[in-house]
Amino acid sequence: MKVHNFNSGPSILPNEVLYKASKAVIDLEGCGMSILEISHRSDMFRKILEETRTSVRQLLQLDEDFEVLLLHGGASTQFMQVPYNLLDRHMPAAYADTGVWSSKAIREARLFGPVEVVCSSKDSHYTGIPKKFSIPAKSRYFHITTNNTIYGTQWHKFPETRVPVVADMSSDIFSRKLNFNYFSLIYAGAQKNLGPAGMTLVAVRKSILGKISRKLPSMMDYQVHIENGSLFNTPPVFAIYISMLTLRWLKQQGGIAAIEKINQKKSDLLYQEIDSNPLFRGTVAKEDRSRMNVCFVIRDPALENEFLEFCKGEDIAGIKGHRTTGGFRVSLYNAMPLDSVEFLVESMRFFASRKG
Ligand SMILES: *Cc1c(COP(=O)(O)O)cnc(C)c1O
C-alpha cells in the first residue's frame, strides 16, 4: 500500500487492521454510529473491551491471579504508577538499568522509596545486557525493560528470583514466547506492537497489591481500576478498538508462537546482512541483540546521510537511529512483513555495490 515503515513507535500496523478501523470511524459494525461516538458504557464497547482483555489473557496464557487493565498515560505513566502502588520507605525496589527507558523508570521510582540499581550496562553505553548480579531477597520488586528500543538490546534470559518481577515490555510484548507467569506485573505502551498511541496495557497479579499503606489518587490506584473492570473513567476507546483488531489479527497468524518464527526470520536476515556487508557494523553484543529493534552504523560516517537519502528514494522510512545514539535503527515489529525486510537487505547490498 505504501512505504516500508520501519518506525520505532508509533509504528506499523497490519493493513487489514487499518482498513477495518477506518470503516469503524464512519460506522461501527453497521450500528449507525462511529466508534468515536459511542458510549464507553454501551454494550458494543463493553464487548470490545472484554474481547481485548480476554485476548491479552489468552495470548499471554496468564494465570487466574492476573488482572488485565487498559489505561491511559503511556508506559511513562507506569514508571510512576508502579512505585506509587508497590514501593514505600520500608523496603527498597531493585532496578536493572539497561538504557534510557530504564533510567527514566528509576528516576520516577526514587520519588516513592529507596531504589537499588542492581545492575547497569551504562559503562558499555548500553550495548549489552548485564549478566552477573544479584537481586536482594528483601526487595519489593525487581524491574526490568525486556527490550531496549533505543539501543537494540533484549533480555533473552531472565534471572531466577523469588522477588516479584515487573517488566516494561513496551517494545516486545506479543513478539516472542515467554513464560509470562514469571512476571508479576507487565506493562506496555500500545504504540509499538499492539495498536496506536493512547492506550497502555497493564497485566498485574492481584496478590502483589495492597502491601503498602499509602493512600492513592483513584486514577493511580490499580485496585480502583480492577474493581471497575478497567472502566473507572472513559478509557481510550478508539485505541482499545484498534488493539482488539490487532490481537484478532495476531490470533489469525497463529498467535505468538507463529509470529515469533517470522520475527526470528526477519531479524536473522537483517543481522546476517549487517555482519556480511563490509559497509555496515552492528552496535550491540551479539548475544543480546534485539529481534525487534536492530541497531547498526555505517563504517564511514561520511556515507550516513547518503544512505538515508538513498533509502528515502526507495520508500524505506523510519530507519534513522534515535537522536541520542545516531546510526540506524530498523524496527521489526509483528506487523512488519518479511518482504519489506528482504527489500531493505537488497537495498543495502545495492548501495554497497555502488560504493565498493
Ligand atoms: C516507547 C517506550 C516507552 C515510552 O512509552 P510512552 O508510551 O511514550 O510513555 C517506555 N519504555 C519502552 C521500552 C519504550 O519502548
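Order of appearance sets the numbers: ligands from 1, and atoms from 1 within every ligand.
- Note: Y141 and Y95 meet the aromatic proximity criterion, with ring centroids under 6.0 Å apart.
- Between F45 and Y241, the ring centre distance reaches or exceeds 6.0 Å.
- Clustering ILVMFWY residues whenever any of their side-chain heavy atoms sit less than 4.5 angstrom apart, transitively, puts I240 in the very cluster that holds I186.
- Regarding atom 9 (O) of ligand 1, its nearest protein heavy-atom neighbour is S76 OG, 2.6 Å.
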### Query
Where do Y271 and F296 land on the ring pair (Phe, Tyr, Trp, His ring centres under 6.0 Å) test, with the steps shown first?
CA-CA 9 Å; Y271 281 121; F296 58 103; 8.7 Å; no
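- L49 and W249 fall within the same hydrophobic cluster, where Ile, Leu, Val, Met, Phe, Trp and Tyr residues are linked whenever their side-chain heavy atoms come under 4.5 Å apart, directly or through other members.
- When only non-hydrogen protein atoms are considered, atom 5 (O) of ligand 1 lies nearest to A75 CB, 3.5 Å.
- Short contacts between ligand 1 and G74, defined as distances under 4.0 Å to a heavy atom of the residue, involve ligand atoms 7 (O), 9 (O).
- Ligand 1 places these atoms under 4.0 Å from at least one heavy atom of T145: 13 (C).
- Summary of contacts: the protein heavy atom closest to atom 2 (C) of ligand 1 is K192 NZ, 2.4 Å.
- Here F79 has side-chain heavy atoms under 4.0 Å from ligand 1, and that is the only part of it that gets that close.
- Residue contacts with ligand 1 for Q191 involve side-chain atoms from C-beta outward but no N, CA, C or O (heavy atoms, distance under 4.0 Å).
- Ring planes of F280 and F328: perpendicular class, angle over 60° (limits at 30 and 60°).
- In this structure, atom 11 (N) of ligand 1 lies nearest to the protein heavy atom D168 OD2, 2.6 Å.
- In this structure, I256 is a member of the same hydrophobic cluster as Y182, with clusters built from ILVMFWY side-chain heavy atoms closer than 4.5 Å.
- Distance from atom 15 (O) of ligand 1 to its nearest protein heavy atom, with residue and atom name: T149 OG1, 2.4 Å.
- Here is the list of ligand 1 atoms found below 4.0 Å of a heavy atom in N147: 13 (C).
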